[in-house]
Amino acid sequence: MPTYEALPRFTADLNRLIPEPRRAFHRVVTRAFVPDLRAGSGFRDGLRIKGVRCAPGVYELTWSGGGRATWSYGTERIRGVLTELTSTFSQLRGVVC
């Protein structure tokens, strides 16, 4: 079972979202991202996951409607993968490639 740790920066960004984008994020995480992690066979194409070029180990997840979040794998906990979902709105600020 995948587990996660939400960093304070991510939580603050999530709380600033208006209701519809927040619901969209919740839907994509609960209906696609987490099920794909549990399956362990990669992510479906519709999630559009790619590595962030200037941040090794950080991945960007985008979905329809302009939604996007960054995340990284963490230490395995309780037979699952720890993911840190971080919003690109603040996570990638100031990154120079």
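Heads up: numbering here begins at 1 and tracks the sequence. Keep in mind that what you see is a predicted model, and the values were worked out from it rather than measured.
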Below 3.5 Å, can you tabulate the donor-acceptor pairs from side chains in residues 39-47 to any protein atom, sequence neighbours excluded?
residue: Arg44; atom: NE; partner: Asp36; partner atom: OD1; Å: 3.2
residue: Arg44; atom: NE; partner: Asp36; partner atom: OD2; Å: 2.9
residue: Arg44; atom: NH2; partner: Asp36; partner atom: OD1; Å: 2.6

Aromatic contact, Phe25 with Phe10 (centres under 6.0 Å): yes

Heavy-atom closest pair (Pro35 atom, Val29 atom, distance to 0.1 Å) is CD-O, 3.9 Å

Within the 4.5 Å heavy-atom criterion, are Arg22 and Leu14 side-chain neighbours or not? yes

Go through the steps to decide whether Val28 and Phe33 satisfy the test side-chain contact (heavy atoms from CB on, under 4.5 Å), and finish with yes or no. CA-CA 6 Å; Val28 78; Phe33 185 78; 5.8 Å; no

Polar side chain donor-acceptor pair, Thr62 to Arg48, under 3.5 angstrom: yes

Nearest 0.5 Å, what's the CG-OH distance between Leu37 and Tyr73? 5.5 Å

Using the side chain to side chain contact (heavy atoms under 4.5 Å, CB included) criterion, which residues pair with Pro21? Sequence neighbours excluded. Leu17, Ile18

Electrostatic pair Arg27:Glu20 at N-O distance under 4.0 angstrom: yes

Might you point out which heavy atoms bring Ser72 and Gly57 nearest each other, and give the distance in Å? CB-O, 3.1 Å

When every non-hydrogen atom of Tyr59 is compared with those of Val52, the smallest separation belongs to C-CG2, 4.0 Å

